[in-house]
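All heavy atoms count here, side chains included; hydrogens, waters and symmetry mates do not.
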Amino acid sequence: MAIQGVNIGGWFIPENWLTPSLFARTGAIDLDSLLQTEEGRRQYKAHLDTFITEADFKWLADHGIKFIRLPVGYWALK
């Protein structure tokens, strides 16, 4: 039996190379520098709300995806 899974990188740990649109026009090079400005925080909130949605999880399930790897930064566990 094959295991069907996917990695959802870039949602909780956005990186400039993986989610360039989030960093475009901000001058930020990483999440820390992005969160230093009000506009950066607004963009990050919008990213969290829209990058992956319930509809995406439904689509994955409908296409046989049974496992999801969801990277979470260590700082979220403090």
For [X], enumerate each residue passing the side chain to side chain donor-acceptor pair (under 3.5 Å) test, keeping only those at least two apart in sequence or located in another chain.
X: Thr26; answer: none
X: Thr50; answer: none
X: Asp30; answer: Ser33
X: Arg25; answer: none

By side-chain contact (heavy atoms from CB on, under 4.5 Å), Arg69 pairs with (sequence neighbours left out) Asn7, Pro71
Given 3.5 Å as the limit, does a donor-acceptor pair link the side chain of [X] with the main chain of [Y], or not?
X: Gln43; Y: Leu22; answer: yes
X: His47; Y: Ser21; answer: no
X: Trp11; Y: Leu48; answer: yes

Checklist entry - For the hydrophobic clusters of this structure (ILVMFWY residues joined by side-chain heavy atoms under 4.5 Å, transitively), does one cluster hold both Leu34 and Tyr74? => result yes
Salt bridge (charged side-chain N to carboxylate O under 4.0 Å, His left out) filter on Asp32, not counting sequence neighbours, yields none
Salt bridge (charged side-chain N to carboxylate O under 4.0 Å, His left out) filter on Glu15, not counting sequence neighbours, yields none
- State plainly whether the residues Glu38 and Arg41 are in salt-bridge range, i.e. N to O under 4.0 Å. no
Discussion item. Contact between Leu18 and Phe23 at the side-chain level, heavy atoms closer than 4.5 Å - yes or no?
Written reply: no
For residues 49-61, the salt bridge (Lys or Arg N to Asp or Glu O under 4.0 Å) pairs (sequence neighbours left out) are Lys45-Asp49, Lys58-Asp62
